[in-house]
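To find a chain, count down the sequence lines: A is the first, B the second, and so on, and within it residues start at 1. As the structure is a computational prediction, the values presented were derived from the model and not from experiment.
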There are 2 protein chains.
Amino acid sequence: MDIQPLLAYIQKHVTLTPEEERYLAEHITIRRYLKGQYALQQGDVCKHSSFILKGCTRMFYVDDEGQEHIIMLCVEDWWSSDIGSFISQEPAQFNIQCLEDTAFAQFHVDTIEEVYAAVPKLERFFRKILERGLAASQKRIIRNFSMTAKERYLYFKETYPMIEQRIPQYMIASYLGITKEFLSKIKRQLAKEA
Amino acid sequence: MDIQPLLAYIQKHVTLTPEEERYLAEHITIRRYLKGQYALQQGDVCKHSSFILKGCTRMFYVDDEGQEHIIMLCVEDWWSSDIGSFISQEPAQFNIQCLEDTAFAQFHVDTIEEVYAAVPKLERFFRKILERGLAASQKRIIRNFSMTAKERYLYFKETYPMIEQRIPQYMIASYLGITKEFLSKIKRQLAKEA
DNA sequence: CCTAAAAGTTAATCTAGTTTAACTTCTTTT
DNA sequence: AAAAGAAGTTAAACTAGATTAACTTTTAGG
């Protein structure tokens with residue numbers, strides 16, 4: 001598996017020299033999972049910062065009543081880790097499951113600080129994508145408070161048209177914070193309107 | 001106003017030399033606002049990354065129906081900016097209003113990259129607090145989906161006991177994503193239980 | 001190609017939280 | 001100390017979305 005998608009993604013934010021690219025490639029591991037497998041399980045410690053080269057994952061939380069809540073649906077060019085567990089090295093609160101055969105490019109927690117020190121541009125890169133991630137997360141909180149379920153669904157469809165095709169409806173419902181039954185009702189309504 | 005609280009906060013994450021501290025102090029501006037004033041208004045561009053030395057703010061969004069939604073309540077030692085607007089230099093979606101007389105230590109967007117270049121430890125520092133911020137934001141999304149309003153209120157009280165005293169109830173209700181009437185009902189219920 | 005399991009639908013009933021509106025404190029200003 | 005505005009409370013009527021349960025359709029494995 002080629003790490004080209006990762007390099008291309010990084011180059012959008014910082015410009016690496018060929019040497020730096022080589023160093024990067026040496027400090028990254030490729031890891032593959034089959035559809036259905038877990039890249040991380042609630043309770044385990046998250047040891048990797050993982051970029052999706054190919055495939056698709058869901059990050060979800062199982063609450064005290066046994067109900068699943070999807071926080072993120074990730075496809076190619078997304079980072080899919082429990083960042084809370086990764087930085088604290090405490091047990092993860094989230095599960096990450098592959099929804100298709102998936103290949104990750106992974107930084108290991110034990111060497112990432114060393115990588116930042118050797119290639120400060122990579123620390124800059126992560127600083128930048130964390131800024132974007134935090135801004136996006138705050139906007140999501142707002143959407144959850146200020147939009148109805150129907151509006152959230154329409155926003156999701158419009159913003160991630162490619163994701164809807166690849167993922168079962170009941171997972172999209174969970175991502176939107178509603179039941180699959182209610183999403184079904186929303187879709188019927190929308191079909192009637194059109 | 002002394003920037004000591006900021007220095008102490010930074011030193012928790014990275015260790016600055018006296019020289020670096022001096023450089024930092026030269027690239028920071030102190031800005032004061034009175035209770036009720038806006039440090040940022042929806043539609044303006046956020047030019048500063050602001051740390052609260054003293055005081056207290058709310059960051060909120062006004063939706064199409066004119067309703068206010070509070071995303072963050074910030075006190076001393078918190079960063080209070082619209083990070084989405086700050087990094088893109090596009091109009092802010094959020095307002096930041098001071099709920100008490102407030103003093104900020106501010107980095108200006110035009111010089112912050114220069115500061116990162118001069119003191120890479122500061123970029124490291126921001127990378128770390130962004131990681132924490134993103135992890136916290138994800139956990140908040142989960143709480144909003146998996147807890148009832150009553151549970152969210154109890155969590156808030158327990159996690160930020162000092163904030164509840166300083167801020168009107170109706171703002172706490174907005175932060176929790178409920179109406180002030182319903183928070184009132186929850187409090188009555190809790191009082192009865194005890 | 002068959003069959004079982006997974007995914008999606010429909011509809012009735014129920015509930016957490018909203019809306020509206022009237023009322024009661026509590027603060028602040030004069 | 002009075003007045004007025006801001007903050008908080010109460011209760012009745014309402015609604016978005018959950019729950020339950022029975023059903024249909026799609027998918028994938030043997």
Side-chain angles (χ1 to χ4, degrees), chain A residues 34-37 56 58 60 62-70 73 97-101 141 143-157 163-194, chain B residues 34-37 56 58 60 63-70 73 97-101 141-157 163-194:
Chain A
L34 297 174
K35 178 174 176 170
Q37 286 187 319
C56 162
R58 64 170 177 148
F60 67 102
V62 182
D63 70 21
D64 302 334
E65 276 101 55
Q67 266 199 289
E68 294 182 0
H69 303 273
I70 295 180
L73 293 169
Q97 186 185 27
C98 299
L99 302 178
E100 300 172 1
D101 293 357
I141 290 173
R143 285 197 302 276
N144 289 163
F145 280 149
S146 64
M147 290 174 148
T148 63
K150 189 177 178 178
E151 289 167 335
R152 270 178 277 146
Y153 171 62
L154 289 172
Y155 177 89
F156 173 80
K157 256 177 89 95
I163 296 189
E164 203 187 0
Q165 322 307 322
R166 292 167 74 169
I167 287 171
Q169 291 292 322
Y170 75 91
M171 290 190 187
I172 290 168
S174 173
Y175 173 81
L176 295 173
I178 58 177
T179 58
K180 62 188 193 323
E181 290 85 357
F182 193 59
L183 178 54
S184 205
K185 198 172 179 176
I186 288 170
K187 294 186 79 178
R188 187 179 4 137
Q189 246 177 267
L190 288 170
K192 222 178 291 175
E193 282 171 24
Chain B
L34 296 175
K35 179 174 175 171
Q37 286 186 319
C56 162
R58 64 170 177 149
F60 68 101
D63 70 21
D64 302 335
E65 277 100 54
Q67 267 199 288
E68 294 182 1
H69 303 273
I70 295 181
L73 293 169
Q97 185 184 28
C98 300
L99 304 178
E100 299 173 0
D101 292 357
I141 290 173
I142 285 300
R143 286 197 302 276
N144 289 161
F145 280 148
S146 64
M147 291 175 146
T148 63
K150 189 177 179 177
E151 289 167 334
R152 270 178 277 146
Y153 171 61
L154 289 171
Y155 178 89
F156 173 80
K157 256 176 88 95
I163 296 189
E164 204 188 358
Q165 321 309 322
R166 292 169 73 170
I167 287 171
Q169 292 292 323
Y170 75 90
M171 289 191 187
I172 290 168
S174 173
Y175 173 82
L176 294 172
I178 58 177
T179 58
K180 62 189 194 322
E181 290 85 357
F182 193 58
L183 179 53
S184 204
K185 197 171 181 177
I186 288 170
K187 293 186 80 177
R188 188 180 2 140
Q189 248 177 265
L190 288 170
K192 222 178 290 173
E193 282 171 24

Using atom [atom1] of [X] as one end and atom [atom2] of [N] as the other, report the distance to the nearest whole Å.
{"X": "B:Phe145", "N": "D:dG17", "atom1": "CZ", "atom2": "P", "answer": "11 Å"}
{"X": "A:Lys185", "N": "D:dT15", "atom1": "NZ", "atom2": "P", "answer": "13 Å"}
{"X": "B:Ile167", "N": "D:dA6", "atom1": "CD1", "atom2": "P", "answer": "19 Å"}
{"X": "B:Leu99", "N": "D:dA6", "atom1": "CG", "atom2": "C1'", "answer": "14 Å"}
{"X": "B:Leu176", "N": "C:dT18", "atom1": "CG", "atom2": "P", "answer": "11 Å"}
{"X": "A:Leu183", "N": "C:dT9", "atom1": "CG", "atom2": "C1'", "answer": "11 Å"}
{"X": "A:Glu68", "N": "C:dA6", "atom1": "CD", "atom2": "P", "answer": "13 Å"}
{"X": "B:Ile186", "N": "D:dG8", "atom1": "CD1", "atom2": "P", "answer": "15 Å"}

Can you check whether B:Leu190 reaches B:Tyr153 side chain to side chain, under 4.5 Å on heavy atoms?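 A side-chain contact under 4.5 Å exists here.
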I'd like to check A:His69 versus B:Ile141 (side-chain heavy atoms, cut-off strictly below 4.5 Å). Are they in contact?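 With C-beta onward as the side chain, the pair stays apart.
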Mind checking if A:Tyr170 touches a base, just sugar-phosphate, or nothing, with heavy atoms under 4.0 Å?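 Sugar-phosphate: the residue A:Tyr170, judged by heavy atoms under 4.0 Å, touches backbone atoms but no base.
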Please tell me which of the listed nucleotides, C:dT19, C:dG8, D:dT10, lies nearest to the side chain of B:Ser184?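 Side chain of B:Ser184 sits closest to D:dT10.
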Looking at [X], I'd like to know whether one of its side-chain N or O atoms comes within less than 4.0 Å of OP1 or OP2 on [N].
{"X": "B:Arg152", "N": "C:dG17", "answer": "yes"}
{"X": "B:Thr179", "N": "C:dG17", "answer": "no"}
{"X": "A:Arg188", "N": "C:dT10", "answer": "yes"}

B:Ile186: which of B:Ile178, B:Leu176, B:Thr148 passes side-chain contact (heavy atoms from CB on, under 4.5 Å):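 Among B:Ile178, B:Leu176, B:Thr148, the one that satisfies the side-chain contact (heavy atoms from CB on, under 4.5 Å) with B:Ile186 is B:Ile178.
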Would you name the heavy atoms of A:Glu65 and A:Asp63 that are closest together and state the gap between them?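 Scanning both residues completely, I find the closest heavy atoms to be N-OD1, 2.9 Å.
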Heavy atoms only: give me the nearest A:Ile167-A:Cys56 pair and the separation to one decimal.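 Distance-wise, the nearest heavy atoms are CD1-SG, 3.9 Å.
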Nearest-0.5 Å distance that lies between atom CZ in B:Arg143 and atom OH in B:Tyr155: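 Nearest 0.5 Å value for the CZ-OH distance: 4.0 Å.
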Under 3.5 Å, side chain of A:Asp101 to main-chain N/O of A:Leu34, donor-acceptor pair present?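 It does not hold such a pair.
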Of B:Lys150 and A:Phe182, whose closest DNA chain C nucleotide lies nearer the 5' terminus?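 Nearer the 5' end of the strand: A:Phe182.
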When the nearest nucleotide of DNA chain D is assigned to A:Ala149 and to B:Gln169 on a heavy-atom basis, which residue is associated with the more 5' position?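 By nearest-heavy-atom nucleotide position, the 5'-most residue is B:Gln169.
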Just by protein heavy atoms under 4.0 Å, how would nucleotides 22-30 of chain D read 5' to 3' in B, S and -? ---------
